[in-house]
Every structure is written in C-alpha cells, then in structure tokens.
Amino acid sequence: MNFLSLSFYAFIPLFLIIYHGIPRQYRYLGIFAGSYLFYGFANIKLLSVLVVITAITYIGGIIIEKKRCKLSLATFFFADLLILVGFKYLKFAIASEDFILPTGLSFLVFQSCTYLTDIYRRNIKAEKNIIKYASFVAFFPTVLSGPIQKARELLPQISQPASFDAERAKKGTILFIWGLFEKILVANRLLIISNTVFGDYTRYSSAYYVVAAISFSLYIYADFSSYSDMARGIAMLMGIQIGKNFNNPYLSCTTSEFWSKWHTSLNSWFIENIYIPLGGNRKGSLRKYVNVFIVFLVSGLWHGADYHFAVWGIVNGILVILGQIIKPLKAKIYQKIKVDENLESIRFCKRVIVFWLITLTWVFFSNGVMASLEILKQLILLNPVSFFDQKLLSISGTAAATFVTVICAYIFCRIQVKRQHETEAYNTFSKQPVLFQTAVLGILICACIFAVCATDAAVNTQFLYFQF
C-alpha cells in the first residue's frame, strides 16, 4: 500500500474515523494496527522483518538503559544495521527475481537506531510498552520513505497525541493535496523526459542532455518532497507533528548549504551517528574534511551497492570540501574588490552555480558510471545551436505535454520558494475567501485526476526512495 494506491484511499478515512474515536491514551493501539496493516498489505511476509527490527531494538533499549556503555550501544546498533546491510548487498549478490528487498528498509532501520542512541544519550527512557514502541518503528506515514523521525520527538507524541484540531487537519489536508500535485503532475512528468533521453543517450544532441539533466534534478526533488509532504499531512490529521525534510535546497549559495537543506532528516542522522562519533570538526581541519568525505561516501553506498552511487557520493563530498577550503579565499577576494558577497545579484549567481553543480552530480545518481561520463562530456561540450531543434519542444512526447510539464514545474518551483516561510505562506492562504481556497484545492485535485485518466499508460505510483 502506498499514498497513490486505491487501497490507501479506502484505508485512510476508515483509519482516521476509528483512530479519533479511540481515547487519546490508547490511540497508539490504532497506530500499531494501522501501521502493520499498511506495511504488510502487499506482502504479509515483510512483517517478519519489521518484527525482528522491533524486537532487537526494543530489547537493546532496555539493556542500554540498564548498562549504559558503548559496547551495549554498539552491539544493538550494528545488529540493527546488519539487517539493512544484509538485505541491500544480498540483493545484488543473488540474481533472483524472487528476492524481495523490504520497502523502506533503510528508514525502518535508521528510525529504530535513533531510539538506541537517544536512550544512550539519556534523551529519553526506554519504552517498556512494546506496542507503543512497535508503533514508533512502524509509524505508517513515514515508514516507506521518511522523514526519519527521532525517538525523542515522535515517541512522546505516539504516547499522547494532540486532540483533533480543525485548523491542523486543514493544514494537513492541504499538504497532502499539494503532495499529490508534486508527484502526479510534476515528478512523473519530469521523469518521462529524463527516462526518454538517458534511456537512449547516444541518439540525442547536447540540448536534450541539458533538459534531461535539469528535469531529473527537479524530478528527484519533487518526487521525494511529495512523499514527505503527504507524510506530514497524514501525521497532522492524526494530531502528530513531524519535521520538514526539505528547506528549499535549490536556493542554496554553497554545496554545504545545499546538503544541510536536502533530506534534512537523513543529514541529521549522519551527523549524529557518523560525523560526530568520528570527531566532527573537533580535531582540526584535515580530520574534519576526512570525516565529511566518509559521510558522503557512506551516503553514496547507502543508496546502493553500485559504483555509480559511490562515485556520486565521492563527487559531492569533494565539492563540499573544496567549497569549505576556498571559502576564506573567496571572502578575501570579495573584500579586495570591495564587493558585498551578500548582494542579491551575487547570491543569484551562486545559486545558479550550485544548482548546476548539483544537477551534474545527479547524472551519476541516475546512470551507470560510463554512461554518466558520456552524458557529462556532452553537457560540457555544449552545442548552443542544438537548442534550436524544433523536436526539442516535443521532448515529453508531444508539444502540448511539454508545455504542461513546463507550467507544472514552474508552479512547483514558485510555491516551493514561498514555502521557505511555510507558516507565513499558510496564513496568507488561510486569509483568502473560503470559496477561493476551496477552488484552488479543487483545481489541484481535478488536475491530478485528469492527469491520471488522460493517459493509457499505467501511472507511476512508486516513489524513488522506496528502493532505498
């Protein structure tokens, strides 16, 4: 079951009715039942993995609280991670179509790991009620693709969720509808472009590579952001607050800033569990850069046991390190030429450069190493004349489809920029006449339904990060 399946739209209203009919102190039982039904709906065998992860970390939490030592933390922390590593790398070692990688396994493991570290750091006490703890591990809004929730933030809310609030429910509904728009009318359409060009990259001119690279860059943002927004929306309907996963990363002026705003829940997990234990920035600049490089390498390998993921992580690590090294030099240059580097025109140029650098690295993320190098060569040896190819207007299949894709992508980008101050943007929208608000949401829903019905092909209901 996922957020775009018909079964989910039968499940969620019934779940919310039952959930809000349960006394607050017992609603964790509803979360537990709903989460296990949601996760095991397609394949009940996958629940065994969920149960094992829950059992290991539940027992581990109790032991770590009693014997607070690094050995007990390391034992259960790595036992949890071993499940993830085993499945991920076994998938590539066994060339069998019958092998199933549990959906969202990384998010299950990482979320349960936060519980162990929070107990060790005395941020929370071990949860003795195993049903409450199981509800935290399997929390269905975030179980498939995050955002990864810290135990110290989510467990107390599961134990005592907020009472139903109409305003919170309205905000959650708007977030969910916006997530539908992001997925169906933005991400899926952009994916058509990148798949068309990268799927047969030897037959296109350089302009196609540029459009495809930018399309994939926006696609991966829209796809992941859509799931995160829908997850946040559903949680709000349950009276539970979960954190944002993106903070306008493509408005960043440095690659370091980009990665601090992209997939913030995973970034926070890596900082707490890899970067800081390695020494962080406490042992000198050289050690800091080594630690940064290790984090990015691990991040690349986390996405998959393929060379192109490792290269993607390494390239991003090098970009971040180089950016930090030359930062003092840039400051001196700006000072010498008497230019304020915070001027909007300078910031705009920085944003364009960072966007393009990140876009180039996504090429490695979506293609094999050799294919990526060929595509990058075409992007570097850009032929401006190729942009005058009239066939480029039909890159989405038809000129009309390309036009719709451009319009939807533009709307997505504009709204995302406004969401930099999300509360303010929501308050502005809420002040509009009710008829206007209803019309806007109605148009978004109708556009999504029309987009689904207007194609003979199966609608892509899978989110990219399900595979990780």
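Nothing fancy with the numbering, it's 1 onward along the sequence. Hydrogens, waters and symmetry mates are skipped; everything else that's a heavy atom, side chains included, is used.
- In summary, the aromatic rings of Phe216 and Tyr219 are positioned with their centroids under 6.0 Å apart.
- No donor-acceptor pair closer than 3.5 Å links the side chain of Asn248 to the backbone N or O of Leu251.
- Salt bridge annotation for Glu127-Arg152: absent, with no cationic side-chain nitrogen under 4.0 angstrom from a carboxylate oxygen.
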Where do Tyr28 and Asn129 land on the side-chain hydrogen bond (donor to acceptor under 3.5 Å, both in side chains) test, with the steps shown first?
CA-CA 10 Å; Tyr28 67 89; Asn129 187 324; 3.3 Å; yes
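- With no hydrogens or angles considered, no side-chain donor-acceptor pair links Thr254 and Ser256 at under 3.5 Å.
- Side chains of Asn316 and Trp259: a donor on one and an acceptor on the other come within 3.5 Å.
- A heavy-atom distance below 4.5 Å is not found between the side chains of Ile314 and Phe296.
- Under the ring pair (Phe, Tyr, Trp, His ring centres under 6.0 Å) criterion, Tyr36 pairs with Phe32, sequence neighbours left out.
- Using a 4.5 Å cut-off on side-chain heavy atoms (C-beta onward), Val143 and Val137 make no contact.
- Contact of the Val292 side chain with the Asn281 side chain is not registered, since no non-hydrogen atoms from C-beta on lie closer than 4.5 Å.
- Two residues are said to be in side-chain contact when any heavy atoms from C-beta on lie closer than 4.5 Å; Phe246 and Asp229 fail this criterion.
- Of all heavy-atom pairs between Lys170 and Ser430, the closest is NZ-OG, 3.7 Å.
- Within the 3.5 Å criterion, the main-chain N or O of Pro147 finds a donor-acceptor partner in the side chain of Gln149.
- Residues Phe355 and Lys350 form no side-chain contact, since every pair of their non-hydrogen atoms from C-beta on lies 4.5 Å or further apart.
- No donor-acceptor distance shorter than 3.5 angstrom exists from the side chain of Asp306 to the backbone of Phe309, with no hydrogens or angles considered.
- There is a side-chain donor-acceptor pair under 3.5 Å between Glu182 and Ser225.
- In this structure, Lys332 NZ and Ile337 CD1 are separated by 15.0 Å, a value rounded to the nearest 0.5 Å.
- With contacts defined as side-chain heavy-atom distances shorter than 4.5 Å, the pair Arg27/Gln160 does not qualify.
- The aromatic rings of Tyr250 and Phe258 sit tilted relative to each other, their planes meeting at an angle between 30° and 60°.
- Of the N and O atoms on the side chains of Trp302 and Ser106, at least one donor lies less than 3.5 Å from an acceptor on the other residue.
- Distance alone, capped at 3.5 Å, is enough to place a donor-acceptor pair between the Thr173 side chain and the Ala169 backbone.
- Between Trp262 and Trp362, the angle of the ring planes lies from 30° to 60°, which puts this pair in the tilted group.
- By the ring pair (Phe, Tyr, Trp, His ring centres under 6.0 Å) test, Phe176 pairs with no residue at all, sequence neighbours left out.
- The shortest side-chain heavy-atom distance between Val211 and Ser215 falls under the 4.5 Å cut-off.
- Aromatic ring orientation, Phe181 versus Trp178: parallel (interplanar angle below 30°, classes split at 30° and 60°).
- Heavy-atom minimum distance, Ser35 versus Ala138: CB-O, 3.0 Å.
- A side-chain donor-acceptor contact under 3.5 Å links Lys183 and Asn188.
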Run the numbers on Phe3 and Ile234 for side-chain contact (heavy atoms from CB on, under 4.5 Å), then give the verdict.
CA-CA 10 Å; Phe3 297 159; Ile234 295 167; 3.5 Å; yes
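- Between the side chains of Asn245 and Ser265, at least one donor-acceptor pair of N or O atoms lies under 3.5 Å.
- Contact check for Leu71 versus Thr75: side-chain heavy atoms found under the 4.5 Å cut-off.
- Using modelled atom types, one side-chain atom of Asn273 and one backbone atom of Trp269 make a donor-acceptor pair closer than 3.5 Å.
- Between Phe15 and Tyr19, the ring planes lie parallel to each other; the angle is under 30°, not in the 30° to 60° tilted range.
- Nearest heavy-atom pair, Leu175 versus Gly233, reported as atom, atom and distance to 0.1 Å: CB-CA, 4.0 Å.
- Side-chain polar atoms of Asp80 and Ser112 form a donor-acceptor pair below 3.5 angstrom.
- Here the closest non-hydrogen pair linking Val354 and Ser252 is CB-O, 3.7 Å.
- Of all non-hydrogen atoms in Pro156 and Ala151, the two that sit nearest each other are CD-O, 3.5 Å.
- In this structure, CZ on Arg287 lies 6.5 Å from CG on Leu278, to the nearest 0.5 angstrom.
- No donor-acceptor pair closer than 3.5 Å links the side chain of Gln157 to the backbone N or O of Ala162.
- Salt-bridge annotation for Glu341 and Arg347: absent, with no side-chain N of the basic residue lying under 4.0 Å from a carboxylate O of the acidic one.
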Given the rule in the side-chain contact (heavy atoms from CB on, under 4.5 Å) test, do Ile53 and Leu105 qualify, once you have shown the distances and angles that lead to the verdict?
CA-CA 10 Å; Ile53 291 172; Leu105 180 61; 3.8 Å; yes
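- Within the 3.5 Å criterion, the main-chain N or O of Gln111 finds a donor-acceptor partner in the side chain of Thr114.
- Judged purely by atom type and a 3.5 angstrom limit, Tyr39 uses its side chain to pair as donor or acceptor with the backbone of Thr103.
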Steps toward side-chain contact (heavy atoms from CB on, under 4.5 Å) verdict (Leu180, Leu4):
CA-CA 8 Å; Leu180 284 176; Leu4 295 182; 3.4 Å; yes
With side-chain contact (heavy atoms from CB on, under 4.5 Å) as the criterion, how do Leu319 and Thr361 come out once you've worked through the C-alpha distance, each side chain's angles and the decisive distance to 0.1 Å?
CA-CA 10 Å; Leu319 287 175; Thr361 68; 3.7 Å; yes
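- In this structure, Phe41 has its ring center at least 6.0 angstrom away from the ring center of Phe8.
- Note on residues 40-68: pairs passing salt bridge (charged side-chain N to carboxylate O under 4.0 Å, His left out), not counting sequence neighbours, are Glu65-Lys128.
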Are Phe365 and His303 close enough, and set up right, to give a ring-ring contact (aromatic ring centres under 6.0 Å, His included), and what steps lead you there?
CA-CA 9 Å; Phe365 190 91; His303 285 91; 5.1 Å; yes
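- One finds no salt bridge joining Lys171 and Glu167 here, because no Lys/Arg side-chain nitrogen approaches an Asp/Glu carboxylate oxygen to under 4.0 Å.
- Taking 4.0 Å as the cut-off between side-chain N and carboxylate O, Arg419 and Glu424 do not count as a salt-bridged pair.
- The closest donor-acceptor contact from the side chain of His308 to the backbone of Phe364 lies under 3.5 Å.
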